[in-house]
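Reviewing the structure listed below.
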Amino acid sequence: MGNPGQPVSMDFPLTTPRILDRARVYADVGVVCRRPDRSLVRTTYGEVVRRARALASALRNLGVRPQDRVATLCWNHREHLECYLGVPASGAVLHTLNLRLHPEELAYIVEHAQDRVLVVDDVLLPLFETFRERVRVERIFVVPTSGKPVPPGYDSYEELVGSGDPDFAPPELSETSPAMMCYTSGTTGRPKGVAYSHRALVLAALATLVADSFAISCADTVLATVPMFHVAGWVLPFSAPLAGARLVLPGPHLDPRSLAELLSAERATFSAGVPTVWLGVVQLLEREPGRWPLAPGLRVALGGSAPPEALLRAMRRLGIRPVHGWGMTEVLVGIQSHLRPWMEGWPEERQYEALTKQGTPVPLLEARVVSEVGEVAPDGRTPGELQVRGPWVAAGYHRGEAPDSWTPDGWFRTGDVAVVDPAGQIRIVDRTKDLIKSGGEWISSVDLENALMAHPKVQEAAVVAVPHPQWMERPLAVVVPRPGQTPTPEELRAFLGQRFPKWWLPDAFVFATEIPKTSTGKLAKAVLRERYRTWSWR
Ligand code: ADP
(Lines give C-alpha, C1' and ligand atoms only; values in the text may rest on other atoms or scores of the structure.)
Protein backbone atom coordinates (compact mmCIF):
# COMPACT_ATOMS: atom_id res chain seq x y z
CA MET A 1 0.00 0.00 0.00
CA GLY A 2 1.19 3.57 -0.65
CA ASN A 3 4.66 4.12 -2.06
CA PRO A 4 6.98 1.25 -1.25
CA GLY A 5 9.29 2.18 1.61
CA GLN A 6 7.23 5.29 2.51
CA PRO A 7 5.04 5.53 5.62
CA VAL A 8 1.33 5.86 4.87
CA SER A 9 0.82 8.48 7.56
CA MET A 10 3.24 11.20 8.53
CA ASP A 11 5.92 10.49 11.05
CA PHE A 12 4.98 13.28 13.45
CA PRO A 13 6.58 12.89 16.89
CA LEU A 14 4.22 13.73 19.74
CA THR A 15 6.46 16.05 21.71
CA THR A 16 5.45 18.76 24.17
CA PRO A 17 6.75 21.63 21.97
CA ARG A 18 3.73 20.81 19.77
CA ILE A 19 1.72 22.30 22.64
CA LEU A 20 3.81 25.48 22.42
CA ASP A 21 2.99 25.65 18.71
CA ARG A 22 -0.65 24.95 19.38
CA ALA A 23 -0.88 27.68 22.01
CA ARG A 24 -0.05 30.18 19.24
CA VAL A 25 -3.59 29.64 17.97
CA TYR A 26 -4.78 30.95 21.34
CA ALA A 27 -2.15 33.67 21.72
CA ASP A 28 -4.69 36.17 23.09
CA VAL A 29 -6.29 33.80 25.63
CA GLY A 30 -5.67 34.89 29.22
CA VAL A 31 -3.53 33.39 31.96
CA VAL A 32 -4.21 34.85 35.41
CA CYS A 33 -2.03 34.27 38.42
CA ARG A 34 -2.25 35.26 42.05
CA ARG A 35 0.84 36.54 43.82
CA PRO A 36 1.71 36.02 47.50
CA ASP A 37 0.41 39.57 48.25
CA ARG A 38 -2.92 38.43 46.68
CA SER A 39 -2.62 40.76 43.68
CA LEU A 40 -3.56 39.27 40.29
CA VAL A 41 -1.18 39.32 37.35
CA ARG A 42 -2.76 38.97 33.92
CA THR A 43 -0.94 37.70 30.86
CA THR A 44 -1.71 35.68 27.71
CA TYR A 45 -0.59 32.40 26.16
CA GLY A 46 1.19 34.49 23.52
CA GLU A 47 3.41 35.99 26.19
CA VAL A 48 3.82 32.71 28.12
CA VAL A 49 4.90 30.93 24.94
CA ARG A 50 7.45 33.63 24.05
CA ARG A 51 8.94 33.47 27.53
CA ALA A 52 8.91 29.63 27.52
CA ARG A 53 10.86 29.65 24.23
CA ALA A 54 13.28 32.18 25.71
CA LEU A 55 13.71 29.99 28.79
CA ALA A 56 14.42 26.93 26.61
CA SER A 57 17.05 28.81 24.62
CA ALA A 58 18.63 30.29 27.77
CA LEU A 59 18.90 26.84 29.35
CA ARG A 60 20.72 25.56 26.27
CA ASN A 61 23.07 28.56 26.32
CA LEU A 62 23.77 27.74 29.95
CA GLY A 63 25.03 24.31 28.94
CA VAL A 64 22.00 22.31 30.06
CA ARG A 65 22.17 19.12 28.02
CA PRO A 66 19.38 16.83 26.78
CA GLN A 67 17.81 14.90 29.67
CA ASP A 68 19.52 16.98 32.37
CA ARG A 69 17.11 17.56 35.22
CA VAL A 70 15.82 21.08 35.85
CA ALA A 71 13.91 21.11 39.14
CA THR A 72 11.22 23.54 40.27
CA LEU A 73 10.26 24.38 43.84
CA CYS A 74 7.30 26.59 43.01
CA TRP A 75 3.65 27.29 43.68
CA ASN A 76 1.16 27.36 40.79
CA HIS A 77 1.95 30.48 38.78
CA ARG A 78 2.82 31.71 35.32
CA GLU A 79 6.58 31.20 35.68
CA HIS A 80 5.93 27.58 36.67
CA LEU A 81 3.81 27.26 33.53
CA GLU A 82 6.72 28.67 31.51
CA CYS A 83 8.93 25.94 33.01
CA TYR A 84 6.35 23.27 32.11
CA LEU A 85 6.45 24.40 28.49
CA GLY A 86 10.04 25.68 28.24
CA VAL A 87 12.19 23.10 30.07
CA PRO A 88 11.10 20.06 27.99
CA ALA A 89 11.30 22.21 24.82
CA SER A 90 15.03 22.62 25.55
CA GLY A 91 15.42 18.84 25.65
CA ALA A 92 15.89 18.84 29.43
CA VAL A 93 13.60 17.13 31.96
CA LEU A 94 11.37 19.21 34.22
CA HIS A 95 11.36 17.80 37.75
CA THR A 96 8.70 19.34 39.99
CA LEU A 97 9.50 19.17 43.71
CA ASN A 98 6.75 18.77 46.29
CA LEU A 99 7.14 21.80 48.55
CA ARG A 100 5.17 20.15 51.35
CA LEU A 101 7.73 17.43 51.93
CA HIS A 102 10.15 17.35 54.82
CA PRO A 103 13.55 18.92 53.96
CA GLU A 104 15.16 15.52 54.60
CA GLU A 105 12.96 13.97 51.92
CA LEU A 106 13.47 16.89 49.51
CA ALA A 107 17.25 16.54 49.81
CA TYR A 108 16.97 12.80 49.14
CA ILE A 109 14.81 13.40 46.05
CA VAL A 110 16.99 16.17 44.56
CA GLU A 111 20.08 13.98 44.94
CA HIS A 112 18.32 10.85 43.70
CA ALA A 113 17.09 12.67 40.58
CA GLN A 114 20.49 14.37 40.13
CA ASP A 115 18.92 17.78 39.53
CA ARG A 116 21.44 20.19 37.95
CA VAL A 117 19.42 23.40 37.91
CA LEU A 118 16.77 24.64 40.32
CA VAL A 119 14.08 27.27 39.77
CA VAL A 120 12.70 28.35 43.15
CA ASP A 121 10.14 30.90 44.34
CA ASP A 122 11.63 33.67 46.45
CA VAL A 123 9.03 32.92 49.12
CA LEU A 124 10.25 29.30 49.22
CA LEU A 125 13.93 30.17 49.72
CA PRO A 126 13.63 29.66 53.51
CA LEU A 127 12.51 26.08 52.77
CA PHE A 128 15.29 25.54 50.23
CA GLU A 129 17.87 26.85 52.67
CA THR A 130 16.96 24.10 55.15
CA PHE A 131 18.46 21.51 52.75
CA ARG A 132 20.71 23.56 50.44
CA GLU A 133 23.89 22.18 52.04
CA ARG A 134 22.85 18.64 51.31
CA VAL A 135 22.29 18.94 47.54
CA ARG A 136 24.64 19.46 44.62
CA VAL A 137 22.49 21.67 42.39
CA GLU A 138 24.80 23.76 40.16
CA ARG A 139 22.65 26.80 39.38
CA ILE A 140 19.74 28.27 41.32
CA PHE A 141 17.35 30.77 39.71
CA VAL A 142 14.94 32.70 41.89
CA VAL A 143 11.44 33.69 40.74
CA PRO A 144 10.61 37.09 42.29
CA THR A 145 6.96 36.34 43.11
CA SER A 146 6.90 38.84 45.96
CA GLY A 147 8.42 41.62 43.84
CA LYS A 148 11.49 41.92 46.09
CA PRO A 149 15.02 41.89 44.62
CA VAL A 150 16.74 38.51 44.31
CA PRO A 151 18.90 37.96 47.44
CA PRO A 152 22.70 37.83 47.05
CA GLY A 153 24.14 34.42 46.25
CA TYR A 154 21.32 33.53 43.87
CA ASP A 155 20.68 34.08 40.15
CA SER A 156 17.59 35.76 38.79
CA TYR A 157 15.00 33.78 36.83
CA GLU A 158 13.92 37.00 35.11
CA GLU A 159 17.47 37.62 33.88
CA LEU A 160 17.69 34.04 32.66
CA VAL A 161 14.51 34.42 30.61
CA GLY A 162 15.65 37.88 29.48
CA SER A 163 18.86 36.40 28.09
CA GLY A 164 17.03 33.89 25.87
CA ASP A 165 15.54 34.06 22.39
CA PRO A 166 11.73 34.42 22.46
CA ASP A 167 11.57 33.04 18.88
CA PHE A 168 13.69 29.98 19.70
CA ALA A 169 12.63 26.92 17.68
CA PRO A 170 13.00 23.77 19.81
CA PRO A 171 15.27 21.04 18.41
CA GLU A 172 13.72 17.87 16.97
CA LEU A 173 13.16 15.64 19.99
CA SER A 174 12.33 11.98 20.17
CA GLU A 175 8.78 11.48 21.39
CA THR A 176 9.93 8.67 23.67
CA SER A 177 12.57 10.77 25.43
CA PRO A 178 11.73 11.93 28.96
CA ALA A 179 10.16 15.39 29.29
CA MET A 180 9.24 15.50 32.95
CA MET A 181 9.47 13.64 36.22
CA CYS A 182 7.59 13.57 39.53
CA TYR A 183 8.19 11.53 42.66
CA THR A 184 5.47 9.54 44.38
CA SER A 185 4.51 11.26 47.60
CA GLY A 186 5.76 8.35 49.64
CA THR A 187 2.43 7.46 51.27
CA THR A 188 3.54 3.83 51.02
CA GLY A 189 7.31 3.88 51.43
CA ARG A 190 10.26 5.85 50.08
CA PRO A 191 9.41 8.26 47.24
CA LYS A 192 10.13 6.80 43.82
CA GLY A 193 10.91 8.76 40.66
CA VAL A 194 8.48 8.53 37.76
CA ALA A 195 9.52 9.99 34.41
CA TYR A 196 7.05 10.91 31.69
CA SER A 197 7.96 10.85 28.01
CA HIS A 198 6.92 13.65 25.66
CA ARG A 199 4.50 11.28 24.00
CA ALA A 200 3.00 10.23 27.36
CA LEU A 201 2.30 13.84 28.33
CA VAL A 202 0.85 14.83 24.95
CA LEU A 203 -1.47 11.82 24.87
CA ALA A 204 -2.48 12.18 28.53
CA ALA A 205 -3.25 15.88 27.93
CA LEU A 206 -5.32 14.93 24.89
CA ALA A 207 -7.17 12.36 27.01
CA THR A 208 -8.27 15.12 29.40
CA LEU A 209 -9.91 16.93 26.49
CA VAL A 210 -12.30 14.11 25.59
CA ALA A 211 -15.94 14.56 26.52
CA ASP A 212 -16.16 11.59 28.89
CA SER A 213 -13.13 12.70 30.87
CA PHE A 214 -12.42 16.33 31.89
CA ALA A 215 -13.87 17.65 28.60
CA ILE A 216 -11.60 20.71 28.67
CA SER A 217 -12.23 23.05 25.75
CA CYS A 218 -11.60 26.61 24.62
CA ALA A 219 -14.91 27.52 26.26
CA ASP A 220 -13.42 26.78 29.70
CA THR A 221 -11.72 28.81 32.37
CA VAL A 222 -9.61 26.33 34.32
CA LEU A 223 -8.74 27.10 37.93
CA ALA A 224 -5.72 24.86 38.49
CA THR A 225 -5.85 24.13 42.22
CA VAL A 226 -3.98 20.82 41.98
CA PRO A 227 -0.41 21.70 42.92
CA MET A 228 1.77 21.71 39.82
CA PHE A 229 4.28 19.58 41.75
CA HIS A 230 1.78 16.72 42.12
CA VAL A 231 1.33 14.22 39.26
CA ALA A 232 2.24 16.85 36.64
CA GLY A 233 -0.57 19.02 38.02
CA TRP A 234 -2.96 16.35 36.67
CA VAL A 235 -1.58 17.47 33.26
CA LEU A 236 -3.74 20.63 33.36
CA PRO A 237 -0.71 22.87 32.56
CA PHE A 238 -0.56 21.01 29.22
CA SER A 239 -4.30 20.46 28.65
CA ALA A 240 -5.29 24.11 29.09
CA PRO A 241 -2.93 25.55 26.43
CA LEU A 242 -3.62 22.56 24.16
CA ALA A 243 -7.36 23.24 24.32
CA GLY A 244 -7.06 27.02 24.48
CA ALA A 245 -8.80 27.21 27.85
CA ARG A 246 -8.25 30.29 30.01
CA LEU A 247 -6.03 29.38 32.92
CA VAL A 248 -6.17 30.72 36.48
CA LEU A 249 -3.28 29.89 38.82
CA PRO A 250 -3.88 30.48 42.54
CA GLY A 251 -0.27 30.91 43.70
CA PRO A 252 0.18 29.98 47.36
CA HIS A 253 -3.45 30.80 48.28
CA LEU A 254 -5.16 27.42 48.49
CA ASP A 255 -7.39 28.00 51.52
CA PRO A 256 -11.16 27.59 50.96
CA ARG A 257 -11.93 31.32 51.09
CA SER A 258 -9.27 32.26 48.53
CA LEU A 259 -10.40 29.46 46.22
CA ALA A 260 -14.08 30.44 46.51
CA GLU A 261 -13.13 34.03 45.73
CA LEU A 262 -11.15 33.08 42.60
CA LEU A 263 -13.75 30.57 41.38
CA SER A 264 -16.34 33.30 41.53
CA ALA A 265 -14.37 36.36 40.41
CA GLU A 266 -12.77 34.60 37.42
CA ARG A 267 -15.95 32.70 36.51
CA ALA A 268 -14.12 29.36 36.49
CA THR A 269 -15.91 26.57 34.63
CA PHE A 270 -13.47 23.79 35.52
CA SER A 271 -11.37 23.00 38.54
CA ALA A 272 -9.86 19.93 40.17
CA GLY A 273 -8.36 18.66 43.37
CA VAL A 274 -8.35 16.19 46.23
CA PRO A 275 -11.61 15.75 48.17
CA THR A 276 -10.18 17.25 51.40
CA VAL A 277 -9.59 20.59 49.64
CA TRP A 278 -13.07 20.64 48.12
CA LEU A 279 -14.74 19.59 51.38
CA GLY A 280 -13.43 22.87 52.81
CA VAL A 281 -14.61 24.94 49.83
CA VAL A 282 -18.05 23.35 49.77
CA GLN A 283 -18.57 23.76 53.52
CA LEU A 284 -17.71 27.45 53.16
CA LEU A 285 -20.03 27.94 50.17
CA GLU A 286 -22.82 26.30 52.15
CA ARG A 287 -22.14 28.40 55.26
CA GLU A 288 -22.26 31.67 53.34
CA PRO A 289 -24.82 31.09 50.60
CA GLY A 290 -24.84 33.57 47.70
CA ARG A 291 -21.61 35.23 48.76
CA TRP A 292 -19.56 33.77 45.88
CA PRO A 293 -21.81 33.21 42.86
CA LEU A 294 -20.38 30.46 40.64
CA ALA A 295 -20.34 30.15 36.86
CA PRO A 296 -23.24 27.96 35.75
CA GLY A 297 -22.11 24.44 34.87
CA LEU A 298 -18.88 24.59 36.90
CA ARG A 299 -17.25 21.12 36.83
CA VAL A 300 -14.84 19.98 39.51
CA ALA A 301 -12.66 16.91 38.99
CA LEU A 302 -12.18 15.05 42.27
CA GLY A 303 -9.47 12.44 42.69
CA GLY A 304 -6.44 11.38 44.64
CA SER A 305 -8.65 9.67 47.19
CA ALA A 306 -12.25 8.50 47.21
CA PRO A 307 -14.66 11.43 47.52
CA PRO A 308 -17.38 10.90 50.15
CA GLU A 309 -20.87 10.66 48.69
CA ALA A 310 -21.85 13.54 51.00
CA LEU A 311 -19.39 15.76 49.12
CA LEU A 312 -20.81 14.81 45.72
CA ARG A 313 -24.32 15.58 46.97
CA ALA A 314 -23.30 18.92 48.48
CA MET A 315 -21.60 19.92 45.22
CA ARG A 316 -24.66 19.11 43.19
CA ARG A 317 -26.82 21.14 45.60
CA LEU A 318 -24.52 24.09 44.90
CA GLY A 319 -24.87 23.61 41.13
CA ILE A 320 -21.36 22.18 40.77
CA ARG A 321 -20.92 19.07 38.63
CA PRO A 322 -18.48 16.69 40.34
CA VAL A 323 -16.34 14.66 37.96
CA HIS A 324 -14.88 11.78 39.94
CA GLY A 325 -11.72 10.08 38.72
CA TRP A 326 -8.85 7.88 39.83
CA GLY A 327 -5.21 8.42 38.96
CA MET A 328 -1.75 8.15 40.42
CA THR A 329 1.76 9.45 39.92
CA GLU A 330 2.60 6.42 37.78
CA VAL A 331 -0.62 6.62 35.74
CA LEU A 332 -1.34 10.36 35.23
CA VAL A 333 -4.90 10.21 33.90
CA GLY A 334 -6.70 7.00 34.80
CA ILE A 335 -10.26 5.97 35.47
CA GLN A 336 -13.28 8.27 35.18
CA SER A 337 -16.68 7.93 36.68
CA HIS A 338 -19.61 9.13 34.60
CA LEU A 339 -23.24 8.27 34.26
CA ARG A 340 -23.84 6.12 31.20
CA PRO A 341 -26.93 7.06 29.15
CA TRP A 342 -29.01 4.24 30.56
CA MET A 343 -28.28 5.37 34.13
CA GLU A 344 -29.84 8.81 33.56
CA GLY A 345 -33.26 7.42 34.47
CA TRP A 346 -32.06 5.70 37.63
CA PRO A 347 -33.28 6.83 41.05
CA GLU A 348 -30.94 9.31 42.71
CA GLU A 349 -29.61 6.79 45.26
CA ARG A 350 -28.40 4.44 42.53
CA GLN A 351 -26.92 7.31 40.54
CA TYR A 352 -24.79 8.32 43.52
CA GLU A 353 -23.74 4.73 43.99
CA ALA A 354 -22.49 4.80 40.38
CA LEU A 355 -20.81 8.20 40.74
CA THR A 356 -18.84 7.17 43.82
CA LYS A 357 -17.35 4.28 41.85
CA GLN A 358 -14.11 5.21 40.13
CA GLY A 359 -15.62 4.16 36.78
CA THR A 360 -14.06 3.10 33.50
CA PRO A 361 -10.61 3.80 32.03
CA VAL A 362 -10.25 6.86 29.80
CA PRO A 363 -9.76 6.03 26.09
CA LEU A 364 -6.47 4.21 25.35
CA LEU A 365 -5.93 3.17 28.97
CA GLU A 366 -6.65 -0.46 29.88
CA ALA A 367 -7.47 -1.82 33.33
CA ARG A 368 -7.97 -5.25 34.84
CA VAL A 369 -8.61 -6.54 38.35
CA VAL A 370 -6.63 -9.63 39.21
CA SER A 371 -6.62 -12.06 42.15
CA GLU A 372 -4.34 -15.07 42.75
CA VAL A 373 -6.48 -17.10 40.37
CA GLY A 374 -6.62 -14.63 37.48
CA GLU A 375 -9.00 -11.83 36.47
CA VAL A 376 -11.90 -11.55 38.93
CA ALA A 377 -15.52 -12.04 37.96
CA PRO A 378 -17.34 -8.77 37.14
CA ASP A 379 -19.80 -9.30 39.97
CA GLY A 380 -19.13 -6.11 41.92
CA ARG A 381 -18.03 -8.21 44.91
CA THR A 382 -14.85 -10.19 44.25
CA PRO A 383 -11.79 -8.13 45.12
CA GLY A 384 -8.45 -8.17 43.35
CA GLU A 385 -5.55 -5.90 42.54
CA LEU A 386 -6.14 -3.13 40.03
CA GLN A 387 -3.59 -3.28 37.20
CA VAL A 388 -3.34 -0.86 34.27
CA ARG A 389 -1.44 -0.34 31.05
CA GLY A 390 -1.49 2.33 28.38
CA PRO A 391 0.59 4.82 26.40
CA TRP A 392 1.21 7.16 29.36
CA VAL A 393 1.62 4.60 32.15
CA ALA A 394 5.14 4.46 33.64
CA ALA A 395 7.18 1.53 32.37
CA GLY A 396 9.61 1.61 35.30
CA TYR A 397 10.86 3.77 38.19
CA HIS A 398 13.89 6.04 37.96
CA ARG A 399 17.04 3.98 38.47
CA GLY A 400 15.11 0.75 38.07
CA GLU A 401 13.69 0.63 41.60
CA ALA A 402 10.85 -1.72 42.61
CA PRO A 403 10.76 -3.65 39.31
CA ASP A 404 8.15 -6.04 40.69
CA SER A 405 5.57 -3.24 40.45
CA TRP A 406 5.12 -4.48 36.87
CA THR A 407 3.77 -7.92 35.99
CA PRO A 408 5.73 -10.21 33.66
CA ASP A 409 3.06 -9.58 30.99
CA GLY A 410 3.53 -5.82 31.15
CA TRP A 411 0.84 -4.36 33.44
CA PHE A 412 1.47 -1.85 36.22
CA ARG A 413 0.43 -3.10 39.65
CA THR A 414 -1.29 -0.16 41.37
CA GLY A 415 -1.42 -1.55 44.93
CA ASP A 416 -5.13 -0.70 45.03
CA VAL A 417 -7.78 -3.30 45.80
CA ALA A 418 -10.79 -3.07 43.49
CA VAL A 419 -13.96 -4.81 42.36
CA VAL A 420 -15.67 -4.61 38.93
CA ASP A 421 -19.42 -4.58 38.34
CA PRO A 422 -21.22 -6.20 35.40
CA ALA A 423 -21.14 -2.86 33.51
CA GLY A 424 -17.33 -2.84 33.75
CA GLN A 425 -17.28 -0.03 36.31
CA ILE A 426 -14.38 -0.30 38.71
CA ARG A 427 -14.71 0.49 42.40
CA ILE A 428 -11.61 0.96 44.53
CA VAL A 429 -12.21 -0.81 47.83
CA ASP A 430 -9.06 0.45 49.53
CA ARG A 431 -5.32 0.67 49.23
CA THR A 432 -3.78 -2.69 50.05
CA LYS A 433 -1.99 -1.07 52.98
CA ASP A 434 -5.12 0.64 54.37
CA LEU A 435 -7.41 -2.40 54.35
CA ILE A 436 -8.32 -3.61 57.82
CA LYS A 437 -7.80 -7.33 58.25
CA SER A 438 -10.16 -8.51 60.97
CA GLY A 439 -10.34 -12.23 61.81
CA GLY A 440 -9.31 -13.24 58.29
CA GLU A 441 -11.84 -10.92 56.62
CA TRP A 442 -11.35 -7.51 55.00
CA ILE A 443 -12.93 -4.25 56.04
CA SER A 444 -12.73 -1.22 53.74
CA SER A 445 -11.51 1.84 55.65
CA VAL A 446 -12.66 4.04 52.75
CA ASP A 447 -16.27 2.82 52.90
CA LEU A 448 -16.46 3.44 56.64
CA GLU A 449 -14.98 6.91 56.57
CA ASN A 450 -17.08 8.03 53.63
CA ALA A 451 -20.22 6.80 55.40
CA LEU A 452 -19.20 8.64 58.57
CA MET A 453 -18.72 11.86 56.60
CA ALA A 454 -22.40 11.67 55.62
CA HIS A 455 -23.41 12.09 59.29
CA PRO A 456 -24.72 15.64 59.84
CA LYS A 457 -22.52 16.13 62.94
CA VAL A 458 -19.30 14.98 61.26
CA GLN A 459 -16.95 17.26 59.37
CA GLU A 460 -14.21 14.77 58.59
CA ALA A 461 -13.33 11.20 59.50
CA ALA A 462 -10.58 8.65 58.99
CA VAL A 463 -10.68 4.96 59.82
CA VAL A 464 -7.53 2.94 60.42
CA ALA A 465 -6.52 -0.56 61.44
CA VAL A 466 -5.24 -0.99 64.98
CA PRO A 467 -3.59 -4.26 66.15
CA HIS A 468 -5.96 -6.42 68.18
CA PRO A 469 -5.05 -9.44 70.32
CA GLN A 470 -7.95 -11.57 69.15
CA TRP A 471 -8.93 -10.30 65.69
CA MET A 472 -5.50 -9.29 64.39
CA GLU A 473 -6.79 -5.81 63.52
CA ARG A 474 -9.90 -3.80 64.32
CA PRO A 475 -11.11 -0.46 62.93
CA LEU A 476 -10.69 2.73 64.92
CA ALA A 477 -12.36 5.94 63.73
CA VAL A 478 -10.90 9.39 64.18
CA VAL A 479 -13.70 11.94 63.89
CA VAL A 480 -13.65 15.72 63.57
CA PRO A 481 -17.09 17.04 64.61
CA ARG A 482 -18.68 19.94 62.74
CA PRO A 483 -18.33 23.24 64.62
CA GLY A 484 -20.66 23.30 67.65
CA GLN A 485 -21.59 19.60 67.39
CA THR A 486 -20.77 16.79 69.82
CA PRO A 487 -21.59 13.42 68.24
CA THR A 488 -21.36 10.39 70.56
CA PRO A 489 -19.76 7.03 69.73
CA GLU A 490 -23.16 5.36 70.26
CA GLU A 491 -24.96 7.48 67.67
CA LEU A 492 -22.14 7.10 65.14
CA ARG A 493 -22.12 3.32 65.62
CA ALA A 494 -25.89 3.22 65.19
CA PHE A 495 -25.60 5.37 62.05
CA LEU A 496 -23.02 3.07 60.50
CA GLY A 497 -25.00 0.03 61.66
CA GLN A 498 -27.74 0.96 59.16
CA ARG A 499 -25.31 0.24 56.32
CA PHE A 500 -22.64 -2.18 57.46
CA PRO A 501 -22.54 -5.56 59.20
CA LYS A 502 -21.84 -5.42 62.92
CA TRP A 503 -18.29 -6.77 62.64
CA TRP A 504 -17.38 -3.84 60.35
CA LEU A 505 -18.25 -1.17 62.92
CA PRO A 506 -15.31 0.67 64.50
CA ASP A 507 -14.59 -0.54 68.02
CA ALA A 508 -13.41 2.89 69.06
CA PHE A 509 -14.19 6.51 68.12
CA VAL A 510 -11.61 9.16 68.91
CA PHE A 511 -12.67 12.80 68.61
CA ALA A 512 -10.10 15.27 67.31
CA THR A 513 -9.91 18.85 66.08
CA GLU A 514 -8.19 17.85 62.87
CA ILE A 515 -6.91 14.89 60.88
CA PRO A 516 -3.29 14.92 59.72
CA LYS A 517 -2.93 15.19 55.93
CA THR A 518 -0.22 13.98 53.56
CA SER A 519 1.83 16.36 51.43
CA THR A 520 -0.84 16.09 48.75
CA GLY A 521 -3.79 16.69 51.07
CA LYS A 522 -4.93 13.11 51.60
CA LEU A 523 -5.80 11.61 55.00
CA ALA A 524 -2.43 10.61 56.47
CA LYS A 525 -3.44 7.13 57.54
CA ALA A 526 0.12 5.94 58.06
CA VAL A 527 0.53 8.68 60.69
CA LEU A 528 -2.74 7.68 62.38
CA ARG A 529 -1.86 3.99 62.32
CA GLU A 530 1.40 4.81 64.07
CA ARG A 531 -0.35 7.09 66.56
CA TYR A 532 -2.85 4.39 67.64
CA ARG A 533 -0.57 1.36 67.22
CA THR A 534 -0.50 0.74 70.96
CA TRP A 535 -4.18 1.60 71.54
CA SER A 536 -5.59 -0.26 74.53
CA TRP A 537 -8.89 -1.93 73.59
CA ARG A 538 -9.99 -2.27 77.22
P1 ADP B 1 0.82 8.49 46.68
O2 ADP B 1 0.69 7.09 46.16
O3 ADP B 1 2.20 8.77 47.09
O4 ADP B 1 -0.26 8.92 47.63
P5 ADP B 1 -0.52 9.36 44.36
O6 ADP B 1 -1.07 10.71 44.34
O7 ADP B 1 0.12 8.83 43.16
O8 ADP B 1 0.58 9.41 45.46
O9 ADP B 1 -1.64 8.40 44.90
C10 ADP B 1 -2.29 7.45 44.11
C11 ADP B 1 -3.25 6.67 44.94
O12 ADP B 1 -4.31 7.50 45.37
C13 ADP B 1 -3.93 5.54 44.23
O14 ADP B 1 -3.13 4.39 44.19
C15 ADP B 1 -5.19 5.35 45.05
O16 ADP B 1 -4.93 4.56 46.19
C17 ADP B 1 -5.50 6.74 45.51
N18 ADP B 1 -6.56 7.32 44.67
C19 ADP B 1 -6.42 8.18 43.66
N20 ADP B 1 -7.63 8.55 43.15
C21 ADP B 1 -8.55 7.88 43.86
C22 ADP B 1 -9.99 7.79 43.82
N23 ADP B 1 -10.71 8.50 42.97
N24 ADP B 1 -10.59 6.97 44.70
C25 ADP B 1 -9.89 6.25 45.59
N26 ADP B 1 -8.54 6.28 45.69
C27 ADP B 1 -7.88 7.08 44.83
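In listed order, ligands and their atoms are each counted from 1.
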For this session: Please name the residue in the list Arg350, Lys357, Arg340 that meets the salt bridge (Lys or Arg N to Asp or Glu O under 4.0 Å) test with Asp421.
Result: Lys357

Are any of the N/O atoms on [X], whether in the backbone or the side chain, positioned under 3.5 angstrom from an N/O atom of ligand 1?
| X | answer |
| --- | --- |
| Gly325 | yes |
| Thr184 | no |
| Gln358 | yes |

Exercise. Counting heavy atoms only, which of His230, Arg431, Met328, Lys433 comes nearest to atom 11 (C) of ligand 1?
Worked result: Arg431

For this session: Pick, from Ser305, Gly304, Ala526, Pro191, the option with the minimum heavy-atom distance to atom 17 (C) of ligand 1.
Result: Gly304

For this session: For Lys522, take its heavy atoms, then give the atoms of ligand 1 lying under 4.0 Å from any of them.
Result: 4 (O), 5 (P), 6 (O), 8 (O), 9 (O), 10 (C), 11 (C), 12 (O)

For this session: Go through ligand 1 atom by atom and flag the ones less than 4.0 Å from a non-hydrogen atom of Ala306.
Result: 22 (C), 24 (N), 25 (C), 26 (N)

Salt bridge [X]-[Y], side-chain N to carboxylate O under 4.0 Å:
| X | Y | answer |
| --- | --- | --- |
| Glu105 | Arg190 | no |
| Glu530 | Arg533 | yes |
| Asp220 | Arg299 | yes |
| Lys437 | Glu441 | no |

Problem set entry | Thr176 side chain to His198 side chain, donor-acceptor N/O pair below 3.5 angstrom | no

Exercise. Does ligand 1 have any atom sitting under 4.0 Å from a heavy atom of Gly415?
Worked result: no

For this session: Determine whether Leu332 and Leu201 make a side-chain contact, defined as any pair of heavy atoms from C-beta on separated by less than 4.5 Å.
Result: yes

Exercise. Which bit of Asp416 gets closer than 4.0 Å to ligand 1, counting heavy atoms only: side chain, backbone, both or neither?
Worked result: side chain

